Peer 1: 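Take a look at this one; I'll ask things after.
Since we're looking at a predicted model, the values are computed, not measured. Residue numbering restarts at 1 for every chain, and letters A, B, ... go by the order of the sequence lines.
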2 protein chains.
Amino acid sequence: MVSTPTPDKRDTVKAHGTIRARNVQNIIGAAEIEFAQRGYKATSIQKIAARAGLPKANIHYYFNSKLELYLEILTNILRLWDAALNELKPEDDPATALSRYIHAKIEFSRRYPLASRIFALEVMTGGEHLRDYYQQGYHTWFQERCAVLQSWVKQGKMAPVDPAHLIFLLWSSTQHYADFGYQATAALHGDKQPLSDSDYQQAATTLSTIILRGCGITPPDSASPGHAMKP
Amino acid sequence: MVSTPTPDKRDTVKAHGTIRARNVQNIIGAAEIEFAQRGYKATSIQKIAARAGLPKANIHYYFNSKLELYLEILTNILRLWDAALNELKPEDDPATALSRYIHAKIEFSRRYPLASRIFALEVMTGGEHLRDYYQQGYHTWFQERCAVLQSWVKQGKMAPVDPAHLIFLLWSSTQHYADFGYQATAALHGDKQPLSDSDYQQAATTLSTIILRGCGITPPDSASPGHAMKP
DNA sequence: GTCTATAGCCCGATAGAC
DNA sequence: GTCTATCGGGCTATAGAC
């Protein structure tokens with residue numbers, strides 16, 4: 001899920017970097033599982049090494065420290081994280097744009113629950129390693145995203161709702177299926193069988209239905225095209 | 001926030017238990033802060049003792065192990081956690097019942113963010129200490145709660161939506177302000193000033209508006225009493 | 001590039017003086 | 001009831017043989 005870190009000794013060895021790349025990927029994959037299961041501090045390099053099938057000193061060979069490995073993973077998550085929201089534009093039709101956004105986020109929860117959980121654990125434990133990220137223009141970026149939703153309200157495309165809290169609603173309701181997947185499974189199925197594809201589909205359509213109607217938007221594929229909306 | 005654990009030596013000392021009770025409360029309060037900040041495994045007894053202003057051996061005097069102290073706190077949270085949802089009854093008017101539920105959960109996030117975060121961290125890291133709780137009738141309890149919402153649908157009190165996913169939506173959207181409070185603060189205010197009372201009010205009214213309208217329910221205090229609803 | 005051995009630290013838990 | 005001292009163990013990180 002990431003490019004190779006600082007290359008070294010390009011000349012002495014054959015060095016197409018294939019061994020390095022393979023090991024780095026292996027370590028990152030194992031680390032994602034472990035960090036998602038316990039959070040940064042409670043995860044030991046020993047466990048990561050065991051999952052990767054390597055002696056733990058090898059982790060230190062590719063990543064100078066536990067923190068460096070963690071930041072490598074966390075930074076990659078952040079890069080992906082806000083991409084979806086950036087695609088919302090003032091000229092969009094909110095019916096299709098919001099519905100697509102909800103389905104995309106649910107799909108993200110289904111496919112990359114580890115990334116979602118690593119991010120959530122980081123935020124919930126104080127976001128110590130996100131301080132720079134949040135202080136470098138995050139507030140203004142968020143305001144710009146709110147402005148897009150606000151422009152839909154002004155154009156009469158949706159009912160007047162607080163854009164910031166609507167965004168929080170979109171985030172929380174969709175990420176719930178990754179972050180609280182264990183609870184959702186226990187509630188829905190009781191047993192250990194994980195959430196099925198149809199569970200995720202049902203989640204996406206239910207959320208779309210409620211949130212779009214809640215914003216006074218007629219769903220794109222809905223049956224009743226003439227549902228009224230208050231100014 | 002809890003009763004005293006196993007009492008001992010009731011006879012030899014004066015023993016109104018006032019010293020014990022005070023120390024236990026002090027330790028639990030400090031432990032809640034620490035567990036909420038880092039999760040169970042990453043929290044050390046040393047940190048708890050430091051925050052409580054005691055030598056760490058004293059924690060072991062009142063609680064035999066770190067796990068016992070943690071379970072004491074976690075169990076108390078669980079006791080409170082589902083009380084609000086249990087108050088929803090088939091004969092209720094969903095407009096007032098759901099609105100009240102949303103406001104109550106937001107208020108809970110505002111007043112007890114530590115409890116919410118401890119619970120969330122526990123679930124997200126696999127719920128190792130919740131296994132008994134989830135396996136002892138949790139599934140059937142959840143189904144009963146869904147049945148209440150389903151009865152509202154059948155009575156024509158609200159639009160047909162999947163009750164389970166509606167409950168997930170209610171949980172996730174309200175707990176978001178406790179669990180992701182740090183992110184919400186960064187997004188709304190940029191600076192370090194925490195979420196204000198008016199932020200929580202705005203959250204509650206926005207969520208109520210969207211979710212109730214999304215379920216085809218006319219808000220209790222709303223202006224238009226005749227808003228139509230699909231069967 | 002790989003792996004063993006170990007230094008140096010912090011942890012949970014306990015013993016025992018006061 | 002309180003607190004110091006300490007044991008045994010797991011941790012991050014590094015040194016150095018192969």
Peer 1: Send over the distance from B:R38 CZ to C:dC10 P, rounded to a whole Å.
Peer 2: 14 Å
Peer 1: Where the side chain of B:H60 is concerned, which of C:dG12, D:dG1, C:dG1 is the nearest nucleotide?
Peer 2: C:dG12
Peer 1: Just wondering, do A:S173 and B:S173 contact through their side chains at under 4.5 Å, heavy atoms?
Peer 2: no
Peer 1: Among C:dT4, D:dC3, D:dT14, which is the nearest nucleotide to the side chain of A:P55?
Peer 2: C:dT4
Peer 1: Honestly, is A:K66 close enough over A:Y40, meaning NZ or CZ under 6.0 Å from the six-membered ring centre and within 45° of the axis?
Peer 2: yes
Peer 1: Can you measure B:N23 atom CG to D:dT2 atom C1' for me and round it to whole angstrom units?
Peer 2: 10 Å
Peer 1: Can you tell which of D:dA15, D:dC3, D:dT12 lies closest to the side chain of B:A57?
Peer 2: D:dC3
Peer 1: Can you measure A:I48 atom CD1 to D:dA13 atom C1' for me and round it to whole angstrom units?
Peer 2: 14 Å
Peer 1: May I ask you to check whether over 12 heavy atoms, not counting those of B:R111, lie within 6.0 Å of atom CZ?
Peer 2: no
Peer 1: Please state how far atom NZ in A:K41 lies from atom P in C:dC11, giving the value in whole angstrom units.
Peer 2: 6 Å
Peer 1: Return the value, rounded to whole Å, for the distance between atom NZ of A:K66 and atom P of D:dT14.
Peer 2: 14 Å
Peer 1: A:Y62 side chain: which of C:dT2, C:dA13, D:dA13 is closest?
Peer 2: C:dT2
Peer 1: Separation of B:K56 atom NZ from D:dC7 atom P, in whole Å?
Peer 2: 13 Å
Peer 1: Send over the distance from A:N58 CG to D:dG16 P, rounded to a whole Å.
Peer 2: 18 Å
Peer 1: May I ask you to say whether A:R110 pairs ionically with A:D199, meaning some side-chain N is under 4.0 Å from a carboxylate O?
Peer 2: no
Peer 1: Whole angstroms only, please: what is the CZ-P distance between B:R20 and D:dT2?
Peer 2: 10 Å
